Enquirer: 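First, the structure itself, so that you have it in front of you.
Order of the sequence lines fixes the chain letters, A, B, ..., with proteins taken first and strands second; residue numbering starts at 1 for each chain. As the structure is a computational prediction, the values presented were derived from the model and not from experiment.
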2 protein chains.
Amino acid sequence: MNIRLMLADDHRMLREGLRRSMIEQGFDVVGEARDGDEAVRLAEELKPDVILMDVTMPEMDGVEATRQIKEALPDIRIVMLTMHADQEVLASAIRAGANGYLVKDCSTEEIASAVRMAASGETALSPQLAASMLDEVRKMDQPANDEDRIITRREEEVLQLIADGCSTPEVAERLFISQKTVKNHLASIYQKLDARDRTQAVLQAVRMGIVHLD
Amino acid sequence: MNIRLMLADDHRMLREGLRRSMIEQGFDVVGEARDGDEAVRLAEELKPDVILMDVTMPEMDGVEATRQIKEALPDIRIVMLTMHADQEVLASAIRAGANGYLVKDCSTEEIASAVRMAASGETALSPQLAASMLDEVRKMDQPANDEDRIITRREEEVLQLIADGCSTPEVAERLFISQKTVKNHLASIYQKLDARDRTQAVLQAVRMGIVHLD
DNA sequence: ACAGAAATAGGCCGAATGGCCTATACGGAC
DNA sequence: GTCCGTATAGGCCATTCGGCCTATTTCTGT
């Protein structure tokens, strides 16, 4: 039984080429979408095994489409395609639930391999991008979007500013709140992260992927 | 001119199989070592282009052997082989100067490809391990063993203790020096790392790979 | 409507922190 | 032999930090 593949890209040329290549590689290309909206609709209708999804599309970008599809149909594997090795986009894509992430200049074989890996439940990504992933993988073990987060949004803001080098008065200034409130947030953070000072709190937050080191 | 390859593994069966495969792949297998000591001696004698080195070996493990070989002959490329995808070991291997890191269940072609990549100066590692690398790559850009280090050993000790959660008095106690001396070291560290407090100093040190997060 | 969490803000206080001085002893480098 | 860096240590002082209280507002879930 062949892997049922769906394509989502706004460039006809790329879709055509991709379709031929993927059929040659032995996949069943069951559908093509021209934008994010269509991708979401077609995904629910066709229920493909894997979707090759471009990041940049009109109406709705690939990341958001991925999020929606994954929410409705978590079993569908999604491999993202992108023009550039953008860490930020990669991060969003992984958070959205993408099972793979490829730069577009990779070979047909690489794409086929990534699709097969995705279909079998593995995560595939371009070697150039592999390194950038670690940071983001770390964030995966955090809720990040769910509301069962340990650290509240405000606390996270405070933590990030501290990590960025702000002192308590500076954080207060940046967030337009009093120093006392910042201290309150910090005290709460210390409890939650089992830290006794800002240094330990920030380190723990870095370990947990809550804050980023530039 | 073929790539001159040396093998280092304590399992005869694996060495034999590896030798045949690598010769088939067009490499010159110029030597084989049964343990870390022998690997270091043979490497200096044969000066191969690339060494395929097992991590777990009697006498001296592959990581330590790698470190010694890299110190004496930095031009020799070393690809590490391991049974399990252990992040910690990968970290040590990369720090020791390994140019590649493969899990043993990968194909002959993958090994050959990794050897060729290593020979041409690239770093190759199993996709499963690629992600774990980022942290360690960061540490690579530091001297780590040279004496042109920015932060002195003592300062590094202080930094590590701070990162481990010690306060100034605690660091003083641990190092059997006065709090004042600790403060002096910290002041010196702040200058060197362009930090104004311990939090920034530790973060910068983490970025530079001077200290490690447990 | 009411409970609970989150965000806001204040007071108080002792300890820790960081900046800016000086000073000594011990190395190695030139 | 002198100079420089490192490690050691002290004093002084303003600021910051963290702990321990209380309190109000808003929002969300029940």
Enquirer: Rounded to the nearest Å, what distance is computed from the CD atom of residue A:Glu157 to the C1' atom of nucleotide C:dA7?
Expert: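 It works out to 11 Å between those atoms.
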Enquirer: Please confirm whether the shortest side-chain N or O distance from B:Thr168 to OP1 or OP2 of C:dA16 is below 4.0 Å.
Expert: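 No.
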Enquirer: Check the phosphate of D:dT8 against B:Thr181, side-chain N and O only, distance under 4.0 Å to OP1 or OP2. Yes or no?
Expert: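 So the side-chain polar atoms of B:Thr181 never come under 4.0 Å of the phosphate oxygens OP1 or OP2 of D:dT8.
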Enquirer: Within this structure, what is the NZ-to-P distance between B:Lys183 and C:dG19, rounded to whole angstrom?
Expert: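 B:Lys183 atom NZ is separated from C:dG19 atom P by 10 Å.
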Enquirer: When you check the gap from the basic side-chain N to the acidic O, do B:Glu38 and B:Arg15 get nearer than 4.0 Å?
Expert: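 A salt bridge is absent here (no side-chain N lies under 4.0 Å from a carboxylate O).
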Enquirer: Rounded to the nearest Å, what distance is computed from the CG atom of residue B:Leu186 to the P atom of nucleotide D:dT6?
Expert: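 Rounded to whole Å, this separation is 16 Å.
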Enquirer: It should be established whether B:Ser178 places a side-chain nitrogen or oxygen under 4.0 Å from OP1 or OP2 of nucleotide D:dG10.
Expert: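 Yes, B:Ser178 has a side-chain N/O under 4.0 Å of OP1/OP2 on D:dG10.
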Enquirer: Rounded to whole Å, how long is the line connecting atom CD1 of B:Ile177 with atom P of D:dT6?
Expert: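 The answer, rounded to whole Å, is 15 Å.
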Enquirer: A:Ile189 CD1 to C:dA7 C1': how many Å, rounded?
Expert: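 Taking CD1 of A:Ile189 and C1' of C:dA7, I get 13 Å after rounding.
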Enquirer: Summarise protein proximity over nucleotides 21-29 of chain C in one line of letters, 5' to 3': B for base, S for sugar-phosphate only, - for none, counting protein heavy atoms closer than 4.0 Å.
Expert: ---------
Enquirer: Is any side-chain heavy atom of B:Leu73 closer than 4.5 Å to a side-chain heavy atom of B:Asp75?
Expert: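 SC-SC contact between B:Leu73 and B:Asp75 ruled out.
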Enquirer: Starting at CG of A:Leu159 and ending at P of C:dA7, how long is that distance when rounded to a whole Å?
Expert: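 Rounded to the whole Å, the gap is 12 Å.
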Enquirer: Under a 3.5 Å cutoff, is there a donor and acceptor pairing between the side chains of B:Gln204 and B:Gln200?
Expert: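 Judged by distance alone, the side chains do not pair up.
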Enquirer: Looking at DNA chain D, which of residues 190-197 of chain A put a heavy atom within less than 4.0 Å of it?
Expert: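 Contacting residues: A:Tyr190, A:Arg196, A:Asp197.
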Enquirer: Under 4.0 Å between a side-chain N or O of A:Arg198 and OP1 or OP2 of D:dC17?
Expert: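 The answer is yes; a side-chain N or O of A:Arg198 sits under 4.0 Å from OP1 or OP2.
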Enquirer: Return whichever of B:Arg154 or A:Thr199 has its heavy-atom-nearest nucleotide of DNA chain D closer to the 5' end.
Expert: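 In this pair, the answer is B:Arg154.
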Enquirer: Measure the distance from CD on A:Gln200 to C1' on C:dA16 and round it to the nearest whole Å.
Expert: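 Between C1' of C:dA16 and CD of A:Gln200: 15 Å.
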Enquirer: Verify the distance criterion only: is there a donor paired with an acceptor across the side chains of B:Thr181 and B:Arg154 at less than 3.5 Å?
Expert: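 The criterion, which ignores hydrogens and geometry beyond distance, is not satisfied for B:Arg154 and B:Thr181.
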Enquirer: Does B:Glu157 pair with B:Arg174 as a salt bridge, N-O distance under 4.0 Å?
Expert: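 Result for this pair is no, no salt bridge flagged.
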Enquirer: Report yes if at least one side-chain N or O of B:His185 is closer than 4.0 Å to OP1 or OP2 of D:dT6; otherwise report no.
Expert: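 No, no such contact exists.
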Enquirer: Between B:Thr168 and B:Lys183, is any pair of side-chain heavy atoms under 4.5 Å apart?
Expert: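 Yes; the side chains approach each other to less than 4.5 Å.
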Enquirer: Can you check whether A:Arg198's main-chain N or O pairs, donor with acceptor, with A:Tyr190's side chain at less than 3.5 Å?
Expert: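 Present.
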Enquirer: Taking CD from A:Gln179 and C1' from C:dA9, how many angstroms apart are they, rounded to a whole number?
Expert: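 Between C1' of C:dA9 and CD of A:Gln179: 12 Å.
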Enquirer: First locate atom CG of A:Leu81, then atom CD1 of A:Ile51, and finally report the distance between them rounded to the nearest 0.5 Å.
Expert: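 Taking CG in A:Leu81 and CD1 in A:Ile51, the distance rounds to 12.0 Å.
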Enquirer: Hey, are A:Glu156 and A:Arg153 close enough for a salt bridge, meaning a charged N less than 4.0 Å from a carboxylate O?
Expert: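 No.
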